[in-house]
K.L.:
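Sharing a structure, written as structure tokens. Questions coming.
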Amino acid sequence: MPVDLDDEGKYIAVPHKNDLGLGKRLALDFASQFLEDDFEKVQDIFRHKGAYARFKDVLERSGILAQWYEFEAAAQEKALREWCEINSIEVSG
């Protein structure tokens with residue numbers, strides 16, 4: 001770790017996934033597209049603690065857990081690239 005890690009002029013913290021809209025909102029977006037019949041159930045899941053484990057159980061039972069991981073990864077990459085652009089951070093690749 002650099003000794004000057006606290007130097008805000010040199011470094012910027014990557015925001016938390018919720019700050020990038022990648023938390024509950026993303027899960028509900030996915031559910032609205034791919035779990036239409038269970039959308040209300042998923043909404044209810046996210047009203048309680050431990051929601052992600054129960055959400056993933058629903059996805060696994062529905063056979064779309066891998067699809068969720070792909071959806072989530074694509075959304076994360078897009079959000080991080082947009083954040084980098086806003087903060088004038090060059091991304092290669």
K.L.:
Taking atom CG as the centre, does Asp4 end up with more than 12 heavy-atom neighbours from other residues, nucleotides or ligands that are less than 6.0 angstrom away?
P.N.:
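For Asp4, atom CG is crowded (more than 12 foreign heavy atoms under 6.0 Å).
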
K.L.:
Got more than 12 heavy atoms from elsewhere within 6.0 Å of CD, Glu60?
P.N.:
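Not buried by this count: 12 neighbours or fewer within 6.0 Å.
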
K.L.:
Supply the atom-to-atom distance Ser62 OG to Leu35 CG, rounded to the nearest 0.5 angstrom.
P.N.:
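That separation rounds to 5.0 Å.
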
K.L.:
How close do Asn18 and Gly23 get, heavy atom to heavy atom, and via which atoms?
P.N.:
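Where Asn18 meets Gly23 most closely, the heavy atoms are OD1-CA, 3.1 Å.
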
K.L.:
Mind checking the CD-NZ spacing from Gln43 to Lys24? Nearest 0.5 Å is all I need.
P.N.:
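Here the rounded value is 8.5 Å.
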
K.L.:
Indicate yes or no: at least one non-hydrogen side-chain atom of Lys56 is less than 4.5 angstrom from one of Leu65.
P.N.:
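Answer yes - side chains close enough.
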
K.L.:
Taking C-beta and beyond as the side chain, do Trp83 and Ile12 meet within less than 4.5 Å on heavy atoms?
P.N.:
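Yes, side chains in contact.
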
K.L.:
Between atom CG of Leu28 and atom CZ of Phe39, what is the distance when rounded to the nearest 0.5 Å?
P.N.:
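Leu28 CG to Phe39 CZ: 5.0 Å, rounded to 0.5 Å.
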
K.L.:
Does one hydrophobic cluster hold both Tyr11 and Val3, with members joined at side-chain heavy-atom distances below 4.5 Å?
P.N.:
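In one cluster with Tyr11: Val3, no.
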
K.L.:
What's the spacing between Glu82 CD and Glu77 CD if we round to 0.5 Å?
P.N.:
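Going from CD on Glu82 over to CD on Glu77, the span is 11.0 Å.
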
K.L.:
Please round to the nearest 0.5 Å and tell me the distance separating atom CG of Leu26 and atom CD of Gln76.
P.N.:
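Between Leu26 CG and Gln76 CD, I get 8.0 Å after rounding to 0.5 Å.
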
K.L.:
Atom CD of residue position Glu85 - does it have more than 12 heavy atoms of other residues, nucleotides or ligands inside 6.0 Å?
P.N.:
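Result for CD/Glu85: open.
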
K.L.:
Short question: side chain of Arg54, backbone of Lys49 - any donor-acceptor pair under 3.5 Å?
P.N.:
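Yes.
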
K.L.:
Drop me the distance from Arg25's CZ to Phe46's CZ, to the nearest 0.5 angstrom.
P.N.:
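It is 13.0 Å, given to the nearest 0.5 Å.
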
K.L.:
Inspect the surroundings of CD in Glu40 and state if more than 12 heavy atoms from other residues, nucleotides or ligands are less than 6.0 Å away.
P.N.:
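At most 12 heavy atoms, drawn from other residues, nucleotides or ligands, come within 6.0 Å of this atom.
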
K.L.:
According to the interplanar angle, ranging from 0 to 90°, do the rings of Phe34 and Phe30 count as parallel (below 30°), tilted (30 to 60°) or perpendicular (above 60°)?
P.N.:
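Tilted.
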
K.L.:
Quick check: closest heavy atoms across Ala27 and Tyr52, and the distance to 0.1 Å?
P.N.:
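Heavy atoms only, the tightest pair is CB-CE2, 4.5 Å.
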
